[in-house]
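So the structure is just underneath, and the comments pick up after that.
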2 protein chains.
Amino acid sequence: MAAEVEVIDGIREAVLRGEFAPKQRLVEAELCEQFDTSRFVVRAALRALEAEGIVERLRNKGARIREISLTEAIEITEVRRVVEGLVAARAAAQASEADVTRLTTIGRRMREAVATGELMQYSDLNAELHATLREVAQHETANRIIERLHGQMVRHQFALSRVPGRSAVSLVQHERIIAAVARGDVADAEAAMRDHISSVIDALNALGQQASPQASR
Amino acid sequence: MAAEVEVIDGIREAVLRGEFAPKQRLVEAELCEQFDTSRFVVRAALRALEAEGIVERLRNKGARIREISLTEAIEITEVRRVVEGLVAARAAAQASEADVTRLTTIGRRMREAVATGELMQYSDLNAELHATLREVAQHETANRIIERLHGQMVRHQFALSRVPGRSAVSLVQHERIIAAVARGDVADAEAAMRDHISSVIDALNALGQQASPQASR
DNA sequence: CGCGCAGGTATTGGCTACAATACTGTAGCC
DNA sequence: GGCTACAGTATTGTAGCCAATACCTGCGCG
């Protein structure tokens, strides 16, 4: 079971790094060799990843990386909008002074990253900000759901980060969230987070428009 | 795998019917006999149920029914509040005439059930209403999450249904949701659903107060 | 030349046996 | 009499094996 967790994480990380393409078949034997473990462990790992919604398994046809359509990505983000809204609200309700300091520091570094055009840096800070908010909110149930949803979104998340001009737009949204949390404004923290993620949904929609104007998928 | 799904459902149903107590150990051998299957299948089922958050498994100590504390039940309901709010909003946005008819019918039957004091009937209609809204909303991602959360809540849900006077309170809330969806008022549908589930959270809190005034758990 | 059928191969599904680990009860010692 | 250590038992974790199923290839027939 110790080995099992490692394999689960290994495959998950590989997927997150984009080493497996969507719809790619995950042959058990291959994974055995790749992670130097037994088929038993691999099968258990695939089961777990199926439950996480990262892979799908068809009867007698094995496991593949689950393809997340754009419409599904939007659905996922819609759910994230409300759940992260809850997290922001709770963070605002119970943030300590130290928490506020951490958040404002992240905000300042974000502004610097945008100013110097360091997109990767900004993307990391974005993840850090959301993670810190979740930590402050201490809402285990919400955290679990957000993490699970996030795991399914990586591919689209990556596409999003490459949309030019997004960082400048999202910066002010992030700063509004931080400000609301800092002054303990529960309602505005939630609203700010919702607005922020709404703009992510808009960006996803735009992505779909430009990629395939006629196809729904 | 066909057998496997059956066992998963079987155990889940048993838990939902309250046949297993929280913290009760689920010995693999026992389940093998009970469902007339092999340990292999049982183990797979336990894994799946672990992913659903219904059981927990400790290394070399086996599986137990996961104990959902009151605070966790409240967390779960908080998440449900925002996600079901999303569902209600979407239902309002895209409900057909037939959908509205179905919903108003459920609403009328709810009122009747309350009038005649048929609590079980009302409880069933409650489930039916929420299920119908999810169906109308057609939001797969949200539905999955709500169902998962619901599965973890059964025990507390049961306790809640026994609180005297709750049906009368929730009836008007349900009717407000139905009315908002019927006239396509997205914002009010979400608000109404949130208010409704907020009152559920209040009831849960009250339950905690009366049960153990000093203990946090 | 194309379509359908059949056999072979690859891959997964399920089972049994074995190993490792934790719990429990008992006996001996302090 | 109580505590500790040891041994036995119960239960889970792991591995390898056989069977079932789907896919692919080749052959035959129309």
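In what follows, every chain begins at residue 1, and chains take the letters A, B, ... in the order their sequences are listed.
- Of the listed nucleotides (C:dA22, C:dT12, D:dA15), D:dA15 has the atom at the smallest distance from the side chain of A:Phe40.
- Environment of CZ in A:Arg162: sparse, with no more than 12 heavy atoms of neighbouring residues, nucleotides or ligands closer than 6.0 Å.
- Going from atom CZ of B:Arg59 over to atom C1' of D:dT11 covers 14 Å, rounded to whole Å.
- Checked for salt-bridge contact, B:Glu135 and B:Arg102 meet the test: a charged N lies under 4.0 Å from a carboxylate O.
- Ion pair A:Glu52/A:Arg148 not flagged as a salt bridge, since none of the NZ, NE, NH1 or NH2 atoms sits closer than 4.0 Å to an Asp/Glu carboxylate oxygen.
- Under 4.0 Å is where a charged nitrogen must lie from a carboxylate oxygen, and between A:Lys23 and A:Glu67 no such pair does.
- Atom pair B:Arg43:CZ and C:dG13:C1' shows a separation of 16 Å (rounding to whole Å applied).
- Of all nucleotides present, only D:dG1 satisfies the Watson-Crick or G-U wobble test against C:dC30, with each distance under 3.5 Å.
- Within 3.5 Å, a donor on the side chain of A:Arg39 pairs with an acceptor on the base of C:dG13, or the reverse.
- Here A:Leu26 lies in heavy-atom contact (under 4.0 Å) with sugar-phosphate atoms only.
- Closest contact between the side chain of B:Val27 and the listed nucleotides C:dC15, C:dT12, D:dT12 involves D:dT12.
- Between B:Glu30 and A:Arg25, it is B:Glu30 whose nearest contact on DNA chain D lies nearer the 5' terminus.
- The nearest whole Å value for the distance from the NZ atom in A:Lys61 to the P atom in C:dT9 is 22 Å.
- Looking at the side chain of B:Asn60, the nearest of the listed nucleotides C:dC15, C:dT21, D:dA22 is C:dT21.
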